[in-house]
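On a predicted model such as this, the values are computed, not experimentally measured, just so you know. Just so we're on the same page: letters track the sequence lines, and every chain starts at 1.
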Amino acid sequence: MKGINLKSDDANAAARGLLARGMEAGLWDAALVPARVPAGDSYAWLLLRDAAALERTTPLPPVMSVSGARALYKLARHGTARRVVAVLRPCEVRAAVELYKREQLPLDDIFLISMDCPGAVPLKDYVEDPEAGEELFGKMLAGVEEPGREICRSCDHFSHTASDLHLGTLGVPEGNVVVVPASAAGEAAAEKLGLGDAGPVAEWEAEVEKRNASRREAKEEAHRALREEAAGPERLAATLGRCIGCHGCRSVCPICFCRQCYFESEALKVPAANVFARAERKGAARLPADTFLFHLGRMAHISLSCVSCGACEDACPVQIPVAQLFGLVAANTQSLFDYEAGRDRAEAVPTTYYREEELAYLSEPYVEARAPEGVGADG
Amino acid sequence: MDEEFEPKLLYILCSWCGSGGSESARAHGLKYPANVLPYRVNCTGSLPPVHILRALLEGADGVAVSGCYPGDCHYEGGNYHARRRVALTKAILEALDLGEDRLWFRFVAHGEGRRFVDTAAEFNDHLKELGPNPLNEITTT
Ligand code: SF4
Ligand code: SF4
Ligand code: SF4
Ligand code: FES
């Protein structure tokens, strides 16, 4: 892997500088970047057409208030006809790639820049005390604090992704930022921008690999602990029991793009007789109904594309570990098809194709002409 | 094992070979357990996992899916897609320890009445052994 050295001791300043140069060089007509909101208690996505306006942006903000993939989708789902550069966290890039593969987000005119991500501060904590949030994020960036959000602590995709250019800060000597072209468009842009000499790529790669190894362990441990806490009918009921059915987790999920969500549709608006039948069968029927169905069904719809971005968990008003549950399930469904959400733009989503010779184990072994208990030919 | 326990078994059949299997069974005078509830879908490829989940959450002790053999699906690869979706559904159930072995998938040909009733009976026995679906005990699903 080759990389270019961008002299800077601040990843945000480096990204802003790169965006400004690109816009001035005519590479991009507009930039999609987060900026702190006027009240200072969160960040929001802004589309900027003028390089001078980049001053007030924060390409790598402490919180992920809205997934960048969702912001990009809102802008570009039907194309932009203008060249847009977006600076995203690695999980946001991967979500954008999943949307692209699901034919929801054309990327022809979109240039994606990703940055090494130290994790995010829980959104609620930040909104409550922005200064404490900024301080924690500073420590996360310096590598002296673990990521604030639990889902980030077991993230093993915090660096280089399927973006066009990646900015690496981990492990590189102070005052340096490594720029890694990660696609043909990225190579061309790097050349046009006239970026400098080879950067300390080896150091960066070594640090990423080291951190990844420990994160993979953390992830395994987190999944083990979560299974202990939430797996099985009783324990899952205890975990989901406080769900208020607001569907906020679904509204903010970058992958849930359906115009008409099944779980808001007529299909689930059951008549009273159905609820009475449930009450009779189980002794009681919960209302609103179908809490399990909503979560398990959403897992069936999108766990193959879940990128463990944590937006759902940040949104949940009753602190259900939604992203961790989805992450646990996604690990199982994605590995089943040797798939990794957002890894590669060319890799098809597993539900869109099949292989004839696969999954033979699924055809349950059959004992020919077994005489069924108590039943048989009546003639 | 509870001798009294009669599982509620939903048997999802495509309208071609799956249902054909049940028709052949009838033609040969073969019977399947009375607690098996056949549920016909056009093609197993048109079966969304949510329907399987809904059945398992709302009263079924087990769900079996039978469609045409490889190469026989009347809508090209519907059966292969179904197999992927069943595998996906099982992976979800497995990750959350919700009983992935309550979901079966098996190809049945139009003329295989015997295979159809055997599968129903075999799955029925399997569910008797597993006992009632604990999801049915949870009032807050
Ligand atoms: S839960 Fe399913 S139906 Fe609803 S928006 Fe997400 S993918 Fe679409
Ligand atoms: S389910 Fe949650 S963690 Fe997964 S992609 Fe959607 S919002 Fe992100
Ligand atoms: S955001 Fe939380 S409370 Fe709302 S539906 Fe999702 S899990 Fe339930
Ligand atoms: S028609 Fe039988 S599985 Fe498709």
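Here B/Thr89 contributes atom OG1 and A/Leu296 contributes atom CG; the two are 10.0 Å apart, rounded to the nearest 0.5 Å. Here the straight-line distance linking atom OG1 of A/Thr291 with atom CD1 of B/Ile138 works out to 12.0 Å at 0.5 Å rounding.
Counting heavy-atom neighbours within 6.0 Å of A/Glu358 CD, excluding the residue itself, gives a total above 12. Within 6.0 Å of the CD atom in A/Glu264, the count of heavy atoms belonging to other residues, nucleotides or ligands exceeds 12. Around atom CZ of A/Phe276, no more than 12 heavy atoms belonging to other residues, nucleotides or ligands sit under 6.0 Å away. The environment of A/Gln260 atom CD is dense: over 12 non-hydrogen atoms of other residues, nucleotides or ligands sit within 6.0 angstrom. No more than 12 heavy atoms of other residues, nucleotides or ligands sit less than 6.0 Å from atom OH of A/Tyr100.
Contact annotation for A/Leu328: both backbone and side-chain heavy atoms come within less than 4.5 Å of a heavy atom of chain B. Neither the backbone nor the side chain of A/Arg298 has a heavy atom closer than 4.5 Å to any heavy atom of chain B. With a 4.5 Å cut-off on non-hydrogen atoms, A/Ser335 does not touch chain B at all. Of the two parts of A/Phe294, neither the backbone nor the side chain holds a non-hydrogen atom closer than 4.5 Å to a non-hydrogen atom of chain B. For A/His301, the part sitting under 4.5 Å from any heavy atom of chain B is the side chain, from C-beta outward, and nothing else. Only the side chain of A/Leu304 comes within contact range of chain B, with at least one heavy atom under 4.5 Å from a heavy atom of that chain.
Most heavy-atom pairs under 4.5 Å with chain A, from the set B/Ala87, B/Pro49, B/Pro48: that is B/Ala87. Heavy-atom pairs under 4.5 Å with chain B peak, among A/Cys243, A/Ala289, A/Ala231, at A/Ala231. The candidate with the highest count of non-hydrogen atom pairs below 4.5 Å against chain B, out of A/Met299, A/Arg278, A/Arg235, is A/Arg278. For the set B/Glu94, B/Glu58, B/Arg85, B/Arg54, the count of heavy-atom pairs under 4.5 angstrom toward chain A peaks at B/Glu58.
The closest side-chain heavy-atom distance from A/Arg286 to B/Thr139 is not below 4.5 Å. Counting heavy atoms from C-beta on, the side chains of B/Glu137 and A/Glu234 never come closer than 4.5 Å. Taking 4.5 Å as the limit, some side-chain heavy atom of B/Leu96 sits within range of a side-chain heavy atom of A/Val329. You'll find the side chain of B/Arg83 stays beyond 4.5 Å of the side chain of A/Tyr354, heavy atoms only. Here the side chains of A/Leu359 and B/Arg84 are in contact, with some heavy-atom distance below 4.5 Å. Side-chain contact between B/Leu135 and A/Phe292: present, with at least one pair of heavy atoms (C-beta onward) separated by less than 4.5 Å.
A/Thr333 approaches B/Ala91 most closely through the heavy-atom pair CG2-CB, 3.8 Å. Closest heavy-atom contact between A/Gly232 and B/Leu98: C-CD2, 3.8 Å. The heavy-atom pair separating A/Ala300 from B/Leu53 by the smallest distance is CB-CD1, 4.2 Å. Residues A/Ser303 and B/Leu88 share a closest heavy-atom pair of OG-CD1, 4.4 Å. Closest approach of B/Asn136 and A/Arg281 over heavy atoms only: OD1-NE, 4.2 Å. Across all non-hydrogen atoms, the minimal contact from B/Thr141 to A/Lys282 is OG1-NZ, 2.8 Å.
Taking the six-membered ring for Trp and thresholds of 30 and 60 degrees, B/His51 and A/Tyr262 have ring planes inclined between 30 and 60 degrees apart.
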